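Here's the structure, in structure tokens; my notes come after.
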Amino acid sequence: MAEYQDLEVTVADYIATITMNRPQAMNALNSNVIAELEAAVTELGANNDVRVIVITGAGKAFVAGADIKQMNSLELQDFRTFIANGQKAMYAIDLCEKPVIAAINGFALGGGCELALACDFRVASEKAKFGFPEVNLGLFPGFGGTQRAPRFIGRGYASEMTFTGEMIDAAEALRVGLVNHVYPADELMDSVMKIAKTIASKAPIAVARSKTAIKMAGDTTLEAGLAFERESMSMVFPTKDRAEGMDAFINKRKAEFKGE
Ligand code: CO8
């Protein structure tokens, strides 16, 4: 595994954990963190010992947004590169064939909220806070937030969050469907690991294809999505894991999936 300076990356029992690890700056996304995040997601996506990826943050933030101090020093041309690289890192999560879960331990603001939205689903601590404070800085969400937030929480709520820049708490995030579950802070990681473990025990190719098919639901027509679903299912049918899963059911035993 590659060495990372601002991320802590571990793999155990088919579950990879990426911890955003710049707590002194609230895990803000500077150029290095953005490059490392893209590299880590891509590396773990290609690692056969990984079936699920969890992203969380060290300290009291998940990620408090793009690095304001770095952005403030950029000329327009470099700013454009910074946005493009940020979007590319978030999109690496879409491209990754493995489920990516955001375990939101604290502040998920601006680019941090956008990172959470790029994940397949989100689980939060009671201490988590969400928001798009970019309008306070004369910006607006630029790492995919204007596109992903309306898809997941609806245009009206996404618009209010973006235009006001106000934070919402974990209970409100749960109410509007931004997160799937909220747990006490000290139970967050165990609860997320339980979900990750369940996913890791399922047929990996089927899970991977379902991720891509589900992602298409927000990005294409129903007709194209159904065609993709049919084709993907036909790809999954000849796998050894499909034969194993059905045989295990018929013979009343637990299936052992190998990702083949
Ligand atoms: N960037 C850089 N440094 C940060 C950031 C950030 N986003 N957030 C916090 N820090 C730093 C602080 O400056 C401080 O550093 P120092 O100790 O050197 O003064 C340290 O982290 C601790 O922060 P605070 O003292 O402020 O801690 P508090 O507990 O008082 O407050 C908050 C925590 C509420 C998270 C507060 O730090 C805050 O409001 N942070 C900024 C949140 C924000 O505005 N985020 C949006 C950034 S813009 C963005 O994400 C745009 C993304 C897409 C646009 C793409 C354009 C290229």
Side-chain angles (χ1 to χ4, degrees), residues 11-18 37-55 87-103 114-123 144 147-155 158 177-181 191-260:
V11 177
D13 303 327
Y14 291 119
I15 302 166
T17 306
I18 299 176
L37 181 64
E38 182 184 354
V41 169
T42 307
E43 179 184 2
L44 296 169
N47 182 338
N48 286 337
D49 290 332
V50 174
R51 294 185 179 177
V52 185
I53 300 170
V54 175
I55 301 181
Q87 287 194 349
K88 205 158 143 266
M90 307 294 154
Y91 200 65
I93 298 172
D94 288 282
L95 293 179
C96 176
E97 292 202 326
K98 291 152 191 178
V100 183
I101 307 171
E114 295 176 288
L115 170 60
L117 284 163
C119 296
D120 292 294
F121 61 89
R122 290 144 290 283
V123 179
Q147 301 308 300
R148 292 194 180 90
R151 279 169 164 82
F152 301 150
I153 57 174
R155 181 173 158 184
L178 181 49
V179 302
N180 288 7
H181 310 280
S191 306
V192 171
M193 286 302 157
K194 213 168 143 197
I195 301 171
K197 209 170 152 199
T198 300
I199 297 171
S201 72
K202 308 303 176 188
I205 299 171
V207 171
R209 298 315 291 175
S210 68
K211 167 169 175 164
T212 308
I214 288 170
K215 194 183 103 55
M216 282 189 77
D219 299 343
T220 190
T221 61
L222 179 61
E223 197 181 4
L226 290 173
F228 183 84
E229 188 185 75
R230 276 196 311 278
E231 281 312 305
S232 296
M233 199 65 113
S234 305
M235 227 195 79
V236 168
F237 189 77
T239 62
K240 287 184 185 161
D241 280 347
R242 196 277 307 157
E244 163 68 7
M246 291 192 178
D247 185 74
F249 174 80
I250 291 164
N251 291 298
K252 302 187 188 303
R253 64 177 177 82
K254 190 172 176 296
E256 293 293 337
F257 295 116
K258 297 199 163 73
E260 296 170 2

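Just so you know, these numbers come straight off a predicted model, no measurement behind them. Numbers here simply count residues along the sequence, with the first being 1.
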| remark: When K98, R148, K211, K215 are each screened for salt bridge (charged side-chain N to carboxylate O under 4.0 Å, His left out) with D120, the one that passes is K211
| task | Establish, for the pair R122 and F152, whether the NZ or CZ atom is under 6.0 angstrom from the six-membered ring centre and no further than 45 degrees off its axis. | result | yes
| The single option from I53, V50, T17 passing side-chain contact (heavy atoms from CB on, under 4.5 Å) against V11 | V50
| request: Kindly indicate, with the supporting measurements, whether the criterion side chain to side chain contact (heavy atoms under 4.5 Å, CB included) is fulfilled by H181 and F121. | output: CA-CA 10 Å; H181 310 280; F121 61 89; 5.7 Å; no
| message | Set out, in order, the CA-CA distance, both residues' side-chain angles and the distance that settles side chain to side chain contact (heavy atoms under 4.5 Å, CB included) for L115 and I93, then state yes or no. | response | CA-CA 9 Å; L115 170 60; I93 298 172; 3.6 Å; yes
| said: Is there a side chain to side chain contact (heavy atoms under 4.5 Å, CB included) between L117 and R151? Walk through the geometry before answering. | reply: CA-CA 10 Å; L117 284 163; R151 279 169 164 82; over 6 Å; no
| task | Quick one: pull up CG in D241 and NZ in K202 and give me the separation to the nearest 0.5 Å. | result | 12.5 Å
| request: Could you tell me the separation between the CZ atom of R242 and the CZ atom of F257, rounded to the nearest 0.5 Å? | output: 11.0 Å
Look only at the side chain of [X] and the backbone of [Y], and say whether a donor-acceptor pair between them is shorter than 3.5 Å.
X	Y	result
T239	M235	no
N180	V123	no
N47	D49	yes
D94	A118	no

Residue [X] excluded, over 12 heavy atoms near [atom1] under 6.0 Å:
X	atom1	value
R155	CZ	no
N48	CG	no
Y14	OH	no
D247	CG	yes

| query | Would you call T212 and S232 a side-chain contact if the rule is heavy atoms closer than 4.5 Å? | reply | no
| said: Closer than 4.0 angstrom, basic N to acidic O: yes or no for R253 and E244? | reply: yes
| message | As a quick check of understanding, evaluate side chain to side chain contact (heavy atoms under 4.5 Å, CB included) for K258 and K240, giving each step before the final call. | response | CA-CA 8 Å; K258 297 199 163 73; K240 287 184 185 161; over 6 Å; no
| query | Minimum heavy-atom separation for C119 to V100, with atom names? | reply | CB-O, 3.4 Å
